[in-house]
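Beneath this line is the structure, given in structure tokens, with notes to follow.
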Amino acid sequence: PDEHAGLQVRWKNIRIVTDNIEKYQISDQKEIYQINSIPNTLSELEQKEGWELLFDGLTTTNWRGAHRENFPDSGWIIQDGMMTVLESGGAQSKGGGDIVTINEYGNFILSFEFMVTEGANSGVKYFVTENYETSGSAIGLEYQIIDDINHPDAKMGRDGNRTLASLYDLIPAAENKQFKGIGNWNTGRIVSSDNHTEHWLNGFKVLEYQRGSEEFIKLVQESKYKDFKNFGVSEKGHILLQEHGN
């Protein structure tokens with residue numbers, strides 16, 4: 001109520017940690033924790049820590065078309081520091097097509113920012129090997145990027161495993177995931193460490209799994225990937241941004 005204006009105090013995200021707290025003590029850290037908020041750049045500390053800039057906001061360096069030698073001639077634009085995939089009718093890779101990193105990666109932390117429009121559908125794939133024959137998108141493990149409300153594919157699959165930040169068609173993201181909404185920037189993170197894999201959305205872990213485990217293999221056999229031999233268990237692969245026509 002208006003009569004309470006200026007008389008309220010509110011809290012959120014109150015947390016405490018009791019194990020291994022020494023690693024959080026600033027006095028024991030060699031470097032002060034930093035956040036780089038300048039788009040498409042690496043700070044001196046990030047460079048020192050080994051981060052690699054995959055998109056500089058200006059060029060297609062580090063990227064090429066999936067199953068191609070060069071970057072697509074159409075379907076993608078780079079403008080105002082952003083790389084945008086254009087709408088092309090909703091089919092997989094029938095416009096500009098997917099793009100993949102030049103290099104392949106095994107153990108990694110991939111951090112990215114994404115914004116979706118209403119009805120959008122895309123994805124970030126990893127451990128993409130380009131060894132599989134397909135008429136659509138290149139095959140790999142997928143961090144789903146989609147408008148959960150307005151795109152029908154988000155309602156398909158099992159138990160929500162085709163919704164935003166899910167491991168597509170395999171593991172659903174947490175139901176209480178923090179999505180900032182259509183037209184806003186969201187931060188995704190994929191962590192891969194000796195087959196242990198995690199998906200993060202806006203600072204919160206939304207799922208984790210073990211590549212190659214019995215549980216993982218069972219999930220693959222129940223998914224659309226069941227006919228792709230050794231799906232998702234290669235030692236390394238490309239990072240892919242998907243062109244899904246929306």
Side-chain angles (χ1 to χ4, degrees), residues 54-55 60-76 83-108 110 112 114 120-146 151-158 161-172 188 190 192 195 197 199 207 209-246:
L54 292 181
F55 177 56
T60 61
T61 302
N62 298 319
W63 299 89
R64 62 172 174 79
H67 300 289
R68 304 183 188 182
E69 293 184 0
N70 301 312
F71 197 86
D73 293 329
S74 62
W76 295 80
M83 182 155 51
T84 303
V85 58
L86 303 178
E87 197 278 336
S88 60
Q92 289 189 32
S93 299
K94 300 303 181 183
D98 300 339
I99 60 173
V100 296
T101 54
I102 301 295
N103 294 329
E104 294 181 279
Y105 303 92
N107 287 343
F108 61 83
L110 174 70
F112 54 94
F114 66 94
N121 184 15
S122 183
V124 179
K125 296 187 181 183
Y126 50 105
F127 288 101
V128 174
T129 64
E130 298 176 295
N131 291 334
Y132 303 108
E133 293 185 10
T134 175
S135 60
S137 181
I139 302 301
L141 298 162
E142 180 177 353
Y143 182 114
Q144 170 74 314
I145 303 290
I146 197 168
H151 197 288
D153 195 47
K155 316 288 193 300
M156 301 174 69
R158 291 182 297 106
N161 64 6
R162 293 189 179 185
T163 58
L164 177 68
S166 295
L167 178 62
Y168 182 78
D169 213 45
L170 295 169
I171 303 174
I190 301 169
S192 172
N195 294 328
T197 311
H199 286 189
L207 67 83
Y209 65 99
Q210 195 76 10
R211 291 193 311 127
S213 66
E214 290 185 12
E215 180 182 8
F216 174 82
I217 293 172
K218 182 176 183 296
L219 289 171
V220 171
Q221 291 305 310
E222 296 171 348
S223 76
K224 63 181 289 185
Y225 303 113
K226 61 182 182 297
D227 295 327
F228 294 99
K229 185 178 180 180
N230 297 323
F231 170 79
V233 296
S234 61
E235 291 186 3
K236 61 181 180 178
H238 301 279
I239 306 296
L240 175 148
L241 303 184
Q242 187 183 41
E243 184 268 299
H244 205 308
N246 298 122

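To the nearest 0.5 angstrom, Leu240 atom CG is 11.0 Å from Thr129 atom OG1. Here Asn62 contributes atom CG and Ile239 contributes atom CD1; the two are 12.0 Å apart, rounded to the nearest 0.5 Å. For the atom pair CD of Gln221 and CG of Asp227, the computed distance is 8.0 Å after rounding to the nearest 0.5 Å. One finds the CG atom of Asp98 at 5.5 Å from the CD atom of Gln242 (value rounded to the nearest 0.5 Å). Here the straight-line distance linking atom CG of Leu141 with atom CG of Leu170 works out to 7.0 Å at 0.5 Å rounding.
With hydrogens and angles ignored, the 3.5 Å screen pairs a side-chain donor or acceptor of His238 with a backbone N or O of Thr101. Checking side-chain atoms of Tyr132 against main-chain N and O of Lys229 turns up a donor-acceptor pair under 3.5 Å. For Thr60 (side chain) and Trp63 (main-chain N/O), no donor-acceptor pair under 3.5 Å exists by modelled atom type. Between the Lys125 side chain and the Ala138 main chain, a donor and an acceptor come within less than 3.5 Å of each other. At least one donor-acceptor pair under 3.5 Å links the side chain of Ser234 to the backbone N or O of Lys236. Not one N or O on the side chain of Gln144 forms a donor-acceptor pair closer than 3.5 Å with the backbone of Leu164. Remark: the backbone N or O of Ile145 is not paired with any side-chain donor or acceptor of Ser122 at under 3.5 angstrom. Distance alone, capped at 3.5 Å, is enough to place a donor-acceptor pair between the Glu243 side chain and the Gly97 backbone.
In terms of heavy atoms, Gly106 sits closest to Ser192 at O-OG, 3.1 Å. Nearest approach of Gln210 to Phe216, heavy atoms of both residues: O-CB, 3.4 Å. The minimum heavy-atom distance between Tyr225 and Glu142, with the atom names listed, is OH-OE1, 4.2 Å. Between Ala66 and Val100, the shortest heavy-atom distance links the atoms CB-CG1, 3.9 Å. Closest approach of Ile171 and Leu207 over heavy atoms only: O-CD2, 3.6 Å.
Residue-environment remark: CD (Glu215) stays at or below the threshold of 12 foreign heavy atoms within 6.0 Å.
A salt bridge links Glu222 and Lys218; the closest N-O separation between the charged side-chain nitrogens and carboxylate oxygens is under 4.0 Å. The pair Asp169-Lys224 fails the salt-bridge criterion, with no side-chain N (NZ, NE, NH1 or NH2) lying under 4.0 Å from an Asp/Glu carboxylate O.
By the 30° and 60° cut-offs, the orientation of the rings of His199 relative to Tyr143 is tilted. Aromatic ring orientation, Phe108 versus Tyr105: perpendicular (interplanar angle above 60°, classes split at 30° and 60°).
In the model, Asn195 has no side-chain atom that pairs as donor or acceptor with a side-chain atom of Tyr209 under 3.5 Å.
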For this session: Evaluate the criterion side chain to side chain contact (heavy atoms under 4.5 Å, CB included) for residue pair Phe231 and Ile217; output intermediate values, then yes/no.
Result: CA-CA 9 Å; Phe231 170 79; Ile217 293 172; over 6 Å; no
For this session: Show your reasoning for whether side chain to side chain contact (heavy atoms under 4.5 Å, CB included) applies to Ile102 and Arg64.
Result: CA-CA 6 Å; Ile102 301 295; Arg64 62 172 174 79; 3.8 Å; yes
For this session: Evaluate the side chain to side chain contact (heavy atoms under 4.5 Å, CB included) criterion for residues Arg211 and Phe127: first the C-alpha distance (whole Å), next the side-chain angles of each, then the deciding distance (0.1 Å), finally the verdict.
Result: CA-CA 11 Å; Arg211 291 193 311 127; Phe127 288 101; 3.3 Å; yes
For this session: Could you check Trp76 against Phe71 for side chain to side chain contact (heavy atoms under 4.5 Å, CB included), going step by step and ending with a plain yes or no?
Result: CA-CA 9 Å; Trp76 295 80; Phe71 197 86; 3.8 Å; yes
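Side-chain contact check for Leu219 versus Arg158: some heavy-atom pair is nearer than 4.5 Å.
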